[in-house]
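Worksheet: the structure to be examined is printed underneath.
Just so you know, these numbers use all the heavy atoms, side chains as well, and skip hydrogens, waters and symmetry mates. Counting starts at 1 for both ligands and their atoms, following the listed order. Everything numeric here is computed off the predicted structure, so don't read it as measured data.
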Amino acid sequence: MPNKRKITVAHGNGIGPEIMGATLHILQEAKVPLEIEEVEIGEDVYKAGVPTGIEGKTWESLYRTKVFLKAPITTPQGGGYRSLNVTIRKTLGLYANVRPCLSYHPYIETKHPKMNLVIVRENEEDLYSGIEYRQTQEMFQSLKLLSRKGSSKIIRYAFEYARQNNRKKVTCFTKDNIMKVADGMFHNIFEEIAKEYSDIENEHWIVDIGMAKVADSPEQFDVIVLPNLYGDILSDIAAQITGSVGLAGSANIGGEYAMFEAIHGSAPRRAGQNLANPSGLLLAAVQMLVHLNFDEEATKIQNAWLRTLEDGIHTYDIYKEGVSHKKVGTKEFGEAIVERFGQSPKKLEPVSYKKTQSASLKIKEPSKEKKELVGIDVYIDEVTDSVESLVQKLKKVEIKKLKLNSLSSRGLNFWPGEEPLADKSDHWRCRFFSESKKTAKQDVIDLMLRLLKEDMDVIKTENLYDFNGKPGYSKASSN
Ligand code: NAD
């Protein structure tokens, strides 16, 4: 008997303990050599006063085993509770969220019988840093942060995943027609990395039309890589249109750690009734077995699961008169899978996981570019309906080395130009540039002191840098 592989397991809340019970029973019957360290997370831990829902001893277990099989948890109502998932992903550096979404037609009803795609969502960056500010009476701000390294890592992961799993195409979604700097960087890195994978087709779509295409004809997609927020939205759409949210599992992968879970929540109304479908968590556990190189066991379990679906043994959420053969509970569904060990589906595509040497991601350290301070954007809180009078005020404070270049509000340029001001605004971006393109930090401080003297309410400043001579900031107006 080989040494057992330690994993950390949380039974979660709501339907969590039931679907985890069925999943662990299947793993045990398949004789996977696992040693389980059980931990408690979620509702009771939150209520005991731990704002992240996860205790120190749980972290110790995770640092020891490096692999986490997690059932869904319930976030208690009311404020003050931090997202457990975001905390785990960031603390363990789980940068890739991998979510296969496929349909099981004709055994599970779906409008998209040929759908078989995998979403690779960036998991650590974007708007999920949760850095937010209220700046004026009117204006609220969320910071979207994307890094070159984080973007390279997820995009390279998507291409490596495609290669290892015999996938033919990687599609990238961004909104770089609007967010030319941040999403533009993600798109550029995608184009660069794609060149290294000439065996894999690549394409890019603007995220809105891309998502519409997925909802309409998902069979056109294979692997989709995208930044965090777009990935969050798309993965629920994609899972839902396969037939049921109860069917999809997901893997959260990092350099050292990994976490596996169903995509759905704890469905409290279904809890304690032996009703819930354990398939999402079971498929996540199969992803975990592949990650741990238990390929044979992963193949055996998933093929028996597919055969169970084909035989019409269905839980309530996928049961359909005329298609299904027998409606079963969580436990009986698990038993039906165990009874089918060694069998494969007859019509659905069987799986065959083969030992793969998981490629270590070679992330090139991005080259350092020459960074030059060329100006500053000063955001001010000033209620005015006269652009002209505001320009006059700002002209008074400009210094020789930092001249007023433009005035805009919410990305719309009002000066120079004749753009009419539709409404009173209290949120202005005043762009000051150096004519010689050479600005010193002292110039910025001098300008700030003059603004202060004129009693202008500066709410924020952003230095404007060129990188290798190219602007590292968006133009004064976007549309
Ligand atoms: P949910 O996914 O728990 O349930 C939505 C509906 O989907 C349920 O009412 C049920 O009809 C169905 N459903 C979900 N899983 C099912 C399954 N396995 N079998 C059969 N039917 C299933 O979403 P919700 O109601 O918005 O959230 C409930 C709780 O779960 C909340 O506290 C939320 O914060 C939490 N949640 C946790 C996670 C997680 O731990 N990863 C993820 C999402 C939501």
Side-chain angles (χ1 to χ4, degrees), residues 8-24 26 39-47 51-54 58 68-90 92 94 97-99 101 104 108-109 121 123 128 228 231-233 235-252 258-285 287-288 305 308-309 313-320 324 327-334 337:
T8 302
V9 167
H11 289 257
N13 310 125
I15 58 170
E18 293 161 80
I19 59 173
M20 184 59 88
T23 299
L24 292 180
I26 293 164
V39 294
E40 202 190 321
I41 55 166
E43 199 171 19
D44 290 346
V45 181
Y46 277 121
K47 284 184 175 162
T52 53
I54 183 161
T58 301
F68 192 15
L69 181 62
K70 172 181 163 288
I73 59 127
T74 303
T75 313
Q77 297 291 314
Y81 303 112
R82 292 222 293 278
S83 163
L84 186 105
N85 268 355
V86 174
T87 305
I88 296 175
R89 283 172 196 158
K90 286 195 175 167
L92 300 183
L94 309 178
N97 188 322
V98 183
R99 190 177 282 190
C101 295
Y104 303 96
I108 293 172
E109 202 176 37
R121 161 189 169 194
N123 224 6
Y128 291 72
N228 205 344
D232 193 0
I233 297 165
S235 38
D236 275 23
I237 296 173
Q240 182 67 36
I241 63 175
T242 63
S244 166
V245 285
L247 288 174
S250 81
N252 296 268
M259 173 172 83
F260 302 86
E261 60 179 345
I263 66 148
H264 57 76
S266 60
R269 279 192 309 130
R270 310 284 177 192
Q273 299 158 65
N274 190 35
L275 277 176
N277 186 347
S279 298
L281 187 61
L282 181 68
L283 292 183
Q287 282 180 283
M288 176 187 77
W305 174 77
T308 307
L309 290 188
I313 315 289
H314 292 169
T315 43
Y316 85 93
D317 56 316
I318 52 173
Y319 181 86
K320 189 145 198 292
S324 308
K327 195 189 275 182
V328 292
T330 315
K331 260 195 191 145
E332 295 71 29
F333 187 73
I337 295 168

Output block, N or O contacts of ligand 1, threshold 3.5 Å exclusive:
from: ligand 1; atom 1: 2 (O); to: Gly265; atom 2: N; distance (Å): 2.7
from: ligand 1; atom 1: 3 (O); to: Gly265; atom 2: N; distance (Å): 3.4
from: ligand 1; atom 1: 3 (O); to: Gly265; atom 2: O; distance (Å): 3.4
from: ligand 1; atom 1: 3 (O); to: Ser266; atom 2: N; distance (Å): 3.1
from: ligand 1; atom 1: 3 (O); to: Ala267; atom 2: N; distance (Å): 2.7
from: ligand 1; atom 1: 15 (N); to: His264; atom 2: ND1; distance (Å): 3.2
from: ligand 1; atom 1: 18 (N); to: His264; atom 2: NE2; distance (Å): 3.1
from: ligand 1; atom 1: 18 (N); to: Asn277; atom 2: O; distance (Å): 2.9
from: ligand 1; atom 1: 19 (N); to: Asn277; atom 2: N; distance (Å): 2.9
from: ligand 1; atom 1: 21 (N); to: Tyr316; atom 2: OH; distance (Å): 2.9
from: ligand 1; atom 1: 30 (O); to: Ser266; atom 2: N; distance (Å): 3.0
from: ligand 1; atom 1: 30 (O); to: Ser266; atom 2: OG; distance (Å): 3.2
from: ligand 1; atom 1: 32 (O); to: Thr75; atom 2: N; distance (Å): 3.1
from: ligand 1; atom 1: 34 (O); to: Thr75; atom 2: OG1; distance (Å): 3.2
from: ligand 1; atom 1: 40 (O); to: Lys70; atom 2: NZ; distance (Å): 3.4
from: ligand 1; atom 1: 40 (O); to: Ile73; atom 2: N; distance (Å): 3.0
from: ligand 1; atom 1: 41 (N); to: Asn85; atom 2: ND2; distance (Å): 3.3
from: ligand 1; atom 1: 41 (N); to: Glu261; atom 2: OE1; distance (Å): 3.3

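- The side chain to side chain contact (heavy atoms under 4.5 Å, CB included) test applied to Gln240 returns Val245, not counting sequence neighbours.
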Can Asp317 and Arg270 be said to form a side chain to side chain contact (heavy atoms under 4.5 Å, CB included), step by step? CA-CA 11 Å; Asp317 56 316; Arg270 310 284 177 192; over 6 Å; no

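- Nearest heavy-atom pair across Tyr46 and Leu84 is OH-N, 3.2 Å.
- Shown here are the ring-ring contact (aromatic ring centres under 6.0 Å, His included) partners of Phe68, two or more places apart in sequence or in another chain: there are none.
- Pairs passing the salt bridge (charged side-chain N to carboxylate O under 4.0 Å, His left out) check and including a residue from residues 70-84, sequence neighbours excluded, read Lys70-Glu261.
- For the pair Arg99 and Asp236, the salt-bridge criterion is met [side-chain N within less than 4.0 Å of a carboxylate O].
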